[in-house]
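We count ligands from 1, going down the list as the structure has it; atoms in each ligand are counted the same way. This structure is a prediction, so every number in the text was calculated from the model and none was measured.
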Amino acid sequence: MATPPAAYADVVARIARATQAAGRPVGDVTLVAVSKLQPWEGIAPVLAAHHKVFGENRVQEAQERWTERRADIELRLIGPLQTNKAADAVAFFDVIETLDRDKLARVLADQVQRQGLRLRTYVQVNTGEEPQKAGTIPADADAFIAACRKTYGLEPEGLMCIPPVDEPAGPHFALLAKIAARNGLAKLSMGMSDDFETAIAFGATSVRVGSAIFGARTVG
Ligand SMILES: *Cc1c(COP(=O)(O)O)cnc(C)c1O
C-alpha cells in the first residue's frame with residue numbers, strides 16, 4: 001500500500017481520536033472523502049492508500065471523474081438532485097444522501113424498480129430552515145420519512161444535514177440525531193472539514209470531509 005498522504009492520515013487519526021473520546025468503538029465512523037472539484041492528482045494517492053468511500057456533489061462531474069475507476073469504491077451523492085438526473089444517479093451512485101421531497105422520492109423509487117437495483121438513501125434535513133438550502137424542514141421530517149417508507153418503498157438508512165455556516169453546528173447535529181432516533185434511523189451523515197469532531201461527539205456515523213484532505217477546491 002502506498003504511504004497515505006499526510007493530510008488524509010491526519011483526518012483519519014482525528015476521526016479515530018474523536019470516536020474514542022465519544023466512548024464509541026473505533027471504526028464506528030465512516031469517512032466520506034469529498035472529491036468534488038479536486039484535481040485527480042490529489043485524489044489518486046488517497047485511492048492508492050485504499051480509501052474506498054467518496055462523495056460527489058454532481059452526477060455528471062462524478063461520472064466524468066469515476067466511470068473509469070468505479071470498481072471497488074462506494075460513491076455517495078451529497079449534492080442536490082434534479083429529478084431529470086435521477087435515472088443516472090440511481091445507476092451510478094451507491095448512496096444518495098439528498099432525498100428531500102416527494103417528487104424525488106417517487107422518481108427514485110420508480111428508477112429503483114426499473115433498473116432492478118438496490119439504492120441506499122439518506123433523508124436530508126434543512127435543520128436551519130434556510131430558504132436557499134435543500135432538505136425537508138424539521139417539522140415535516142417525520143411525515144416525509146414515513147412517506148418514503150410506506151408510499152415509495154424506500155427504506156432510508158439515515159439522515160443528513162448541512163448546518164448554517166454562521167451558527168454553531170452542535171445544536172443542528174443534536175436536532176438531526178433527535179429526529180433520527182424518534183424515527184428509528186441508525187445513521188447520521190453530518191460533519192465536514194470544520195466541524196467533523198463535533199459531529200462525532202453528537203453521534204455522526206459518517207463525516208463528509210473535502211478540503212481538510214484535499215486542500216481548497218479548484219474554482220469552476
Ligand atoms: C463540499 C461538501 C462537503 C465537504 O466540505 P469541506 O468543508 O470541504 O469538508 C461536505 N458535504 C457537502 C454536502 C458538501 O457539499
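- No donor-acceptor pair closer than 3.5 Å links the side chain of Asp100 to the backbone N or O of Thr136.
- Residue Cys161 holds its SG atom at 8.5 Å from CD1 of Ile179, rounded to the nearest 0.5 Å.
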In a simple table, one pair per line, please give the protein and ligand 1 atom names for every N or O pair closer than 3.5 Å, along with the distance.
{"residue": "ligand 1", "atom": "8 (O)", "partner": "Ser211", "partner atom": "N", "Å": "2.8"}
{"residue": "ligand 1", "atom": "8 (O)", "partner": "Ser211", "partner atom": "OG", "Å": "2.8"}
{"residue": "ligand 1", "atom": "8 (O)", "partner": "Arg217", "partner atom": "NH1", "Å": "2.8"}
{"residue": "ligand 1", "atom": "8 (O)", "partner": "Arg217", "partner atom": "NH2", "Å": "3.3"}
{"residue": "ligand 1", "atom": "9 (O)", "partner": "Ser193", "partner atom": "N", "Å": "3.0"}
{"residue": "ligand 1", "atom": "9 (O)", "partner": "Ser193", "partner atom": "OG", "Å": "2.5"}
{"residue": "ligand 1", "atom": "9 (O)", "partner": "Gly210", "partner atom": "N", "Å": "2.8"}
{"residue": "ligand 1", "atom": "11 (N)", "partner": "Arg208", "partner atom": "NE", "Å": "2.9"}
{"residue": "ligand 1", "atom": "15 (O)", "partner": "Lys36", "partner atom": "NZ", "Å": "2.7"}
{"residue": "ligand 1", "atom": "15 (O)", "partner": "Asn57", "partner atom": "OD1", "Å": "3.2"}
{"residue": "ligand 1", "atom": "15 (O)", "partner": "Asn57", "partner atom": "ND2", "Å": "3.3"}

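- With salt bridges taken as basic N to acidic carboxylate O contacts below 4.0 Å, one links Glu74 and Arg76.
- The side chain to side chain contact (heavy atoms under 4.5 Å, CB included) test applied to Glu155 returns Arg149, not counting sequence neighbours.
- Between Arg114 and Asp110 there is a salt bridge, since a side-chain N of the basic residue sits under 4.0 Å from a carboxylate O of the acidic one.
- A salt bridge does not link Glu61 to Lys36: none of the charged nitrogens lies less than 4.0 Å from a carboxylate oxygen.
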